[in-house]
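Quick note: numbers below take in every heavy atom, side chains included, and nothing from hydrogens, waters or symmetry partners.
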Amino acid sequence: MKKVGHDASNDFRFREQYAYQVLQFIDSDRYHSLIKSERPDYITPDHTIGLEVVSAIPSNLQEAESLFSRISSGQSKRPNDDIERLNRTGSELICDNNEAPIAIIEPAYWVSFEPIESTVSNKLKLLNSGYTECLENELFIYTEIGPGLETSENCLLWLRELSKPFPRCFDKIILNEPYLLVVFDIARGKYRNIPFSVSDFEKCCNACRRS
């Protein structure tokens, strides 16, 4: 079901600020000196760490969330047509007893990990074609429909396999959902699930709104 809170995937600037706040939550000593850059999005002044920020959300889900926002806010000029379009994306509109839209149920995408696979593959190609060279390269992925804690070990194996063909790889891949946070250490073959509560998510979002 659609989660409550700012969608960190819709606004690129917000997404980058949100990623920075989550990184401070993970390890402020390691990430406090990151500064904004291009290719990658963040970098330390001494080029020790380079970090790229991206979202992994299927295009039809983005369309469904845009339609839901328009319908639920009353801004839709043709709500019946928009509801029909939303249903064609694979999502389902949920209404309360007064038939007011309150949420959407999203389809399950993660059996094949296709959205993350596409995202990581594209960023690996970019990493190997002109990114600023850093001692360590990291990738922060925001999603709203991730694989969940129970699949972290398999996800690590799969991410390492996906990285093998590339000369330069991401040393760490950080996967974040609103209420889940996993750091995959690709170089060392380890992963760490970090407790990330609703209040933690909201604190990171609110810190972006204040900046």
Side-chain angles (χ1 to χ4, degrees), residues 8-9 12 14-57 110 113-197 200-201 203-205 207-208:
S9 69
F12 186 75
F14 184 94
R15 184 177 68 200
E16 290 183 339
Q17 294 174 342
Y18 170 81
Y20 180 85
Q21 295 300 326
V22 176
L23 292 168
Q24 304 313 304
F25 175 85
I26 294 172
D27 189 342
S28 59
D29 290 337
R30 176 177 175 82
Y31 296 112
H32 77 279
S33 64
L34 286 173
I35 58 175
K36 189 68 186 72
S37 182
E38 294 294 335
R39 297 173 68 91
D41 296 313
Y42 286 104
I43 197 170
T44 54
D46 61 359
H47 290 196
T48 300
I49 301 172
L51 184 131
E52 183 74 358
V53 179
V54 69
S55 64
I57 299 178
W110 294 101
F113 295 96
E114 189 278 330
I116 290 182
E117 178 179 6
S118 176
T119 297
V120 174
S121 293
N122 287 338
K123 289 301 179 181
L124 281 167
K125 292 174 184 175
L126 290 173
L127 178 66
N128 286 271
S129 61
Y131 269 41
T132 300
E133 290 198 20
C134 296
L135 185 63
E136 294 187 32
N137 301 288
E138 301 186 10
L139 178 64
F140 182 98
I141 303 175
Y142 176 85
T143 183
E144 291 196 349
I145 46 170
L149 290 174
E150 66 278 2
T151 62
S152 293
E153 186 169 352
N154 287 337
C155 193
L156 171 64
L157 296 173
W158 169 77
L159 288 171
R160 295 191 79 192
E161 191 66 26
L162 190 63
S163 302
K164 281 183 179 179
F166 296 90
R168 296 177 65 193
C169 300
F170 293 107
D171 298 274
K172 291 182 180 178
I173 296 178
I174 301 162
L175 182 64
N176 176 230
E177 296 180 52
Y179 319 124
L180 182 145
L181 183 58
V182 186
V183 178
F184 296 99
D185 191 330
I186 307 301
R188 296 177 177 84
K190 298 179 180 179
Y191 70 91
R192 179 164 59 111
N193 293 317
I194 301 174
F196 192 68
S197 66
D200 294 327
F201 172 70
K203 284 177 183 177
C204 290
C205 289
C208 299

* Given side chain to side chain contact (heavy atoms under 4.5 Å, CB included), test Leu127 with Phe166 step by step and report yes or no. => CA-CA 9 Å; Leu127 178 66; Phe166 296 90; over 6 Å; no
* Intermediate values then yes/no, side chain to side chain contact (heavy atoms under 4.5 Å, CB included), Ile116 and Leu175 -> CA-CA 9 Å; Ile116 290 182; Leu175 182 64; 3.8 Å; yes
* Counting distance only, does the side-chain N/O of Ser129 pair as donor-acceptor with the main-chain N or O of Leu126 below 3.5 Å? -> yes
* So, the side chain of Ser28 versus the backbone of His32: is there a donor-acceptor pair under 3.5 Å, distance only? -> no
* Would you check if the side chain of Gln24 reaches a backbone N or O of Tyr31 as a donor-acceptor pair within less than 3.5 Å? => yes
* Structure fact -> Tightest non-hydrogen contact, residues Gln21 and Cys208, listed as CG-SG, 3.9 Å
* Asked: Would you find a donor on one side and an acceptor on the other, under 3.5 Å apart, between the side chain of Arg39 and the backbone of Glu52?
  -> no
* From CG (Asp200) to CG (Leu180), nearest 0.5 Å -> 12.0 Å
* Determine, step by step, whether Ile186 and Asp171 satisfy the side chain to side chain contact (heavy atoms under 4.5 Å, CB included) criterion, reporting the C-alpha distance in whole Å, the side-chain angles of both residues, the deciding distance to 0.1 Å, and the verdict. => CA-CA 5 Å; Ile186 307 301; Asp171 298 274; over 6 Å; no
* **Criterion side chain to side chain contact (heavy atoms under 4.5 Å, CB included) on Cys169 and Asn137, from CA distance to verdict** => CA-CA 7 Å; Cys169 300; Asn137 301 288; over 6 Å; no
* To do: Taking the side chain as every heavy atom from C-beta outward, state whether Leu162 and Ser121 have any atom pair closer than 4.5 Å.
  => yes
* Determine the interplanar angle of the Tyr42 and Tyr20 rings, folded into 0 to 90°, and report it as parallel if under 30°, tilted if 30 to 60°, perpendicular if over 60°. => tilted
* pair Ile26-Ile194: side-chain heavy atoms closer than 4.5 Å -> yes
* Run the ring-centre check on Phe196 versus Tyr179 and record whether the distance is less than 6.0 Å. => no
* Is there a donor-acceptor contact under 3.5 Å from the side chain of Arg192 to the main chain of Val183? -> no
* Asked: Between Asp41 and Glu16, which heavy-atom pair has the shortest distance, and what is it?
  -> OD1-OE2, 3.2 Å
* Asked: Counting only N and O atoms by type, is there a donor-acceptor contact under 3.5 Å from the side chain of Asp27 to the main-chain atoms of Leu23?
  -> no
* So, do Ser55 and Thr143 sit near enough that their side-chain heavy atoms are less than 4.5 Å apart? -> no
* Asked: Do the rings of Tyr191 and Phe184 sit parallel, tilted or perpendicular, given the 30° and 60° boundaries?
  -> tilted
* Asked: Is it the case that Glu38 and Tyr131 place a side-chain donor and acceptor less than 3.5 Å from each other?
  -> no
* Asked: Taking C-beta and beyond as the side chain, do Leu51 and Phe140 meet within less than 4.5 Å on heavy atoms?
  -> yes
* Asked: Which atoms form the tightest heavy-atom contact between Ser33 and Pro45, and what is the distance?
  -> O-CD, 3.3 Å
* To do: Kindly indicate whether the side chain of Ile35, heavy atoms from C-beta on, has any atom under 4.5 Å from the side chain of Thr44.
  => no
* Heavy-atom closest pair, residues Ala56 and Thr119 -> CB-OG1, 3.4 Å
* Asked: Can you name the one residue among Lys172, Arg30, Arg168, Arg188 that meets salt bridge (Lys or Arg N to Asp or Glu O under 4.0 Å) with Glu136?
  -> Arg30
* Residues that Lys125 engages under side chain to side chain donor-acceptor pair (under 3.5 Å), provided they are two or more places apart -> none
* Tyr142 and Glu177: side chain donor to acceptor below 3.5 Å -> no
* Asked: Between Phe25 and Phe201, is any pair of side-chain heavy atoms under 4.5 Å apart?
  -> no
* Structure fact -> Rounding to 0.5 Å, atoms CG (Leu139) and CD1 (Ile173) come to a distance of 5.5 Å
* Structure fact -> Here the pair of heavy atoms bringing Ile43 nearest to Ser37 is CG2-CB, 3.7 Å
* Do Leu181 and Val22 have side-chain heavy atoms sitting under 4.5 Å apart? -> yes
* Structure fact -> Of all heavy-atom pairs linking Asp185 and Leu156, the shortest is O-CD1, 4.1 Å
* Asked: Does the side chain of Ser152 reach to within under 4.5 Å of the side chain of Asn193, using non-hydrogen atoms?
  -> yes
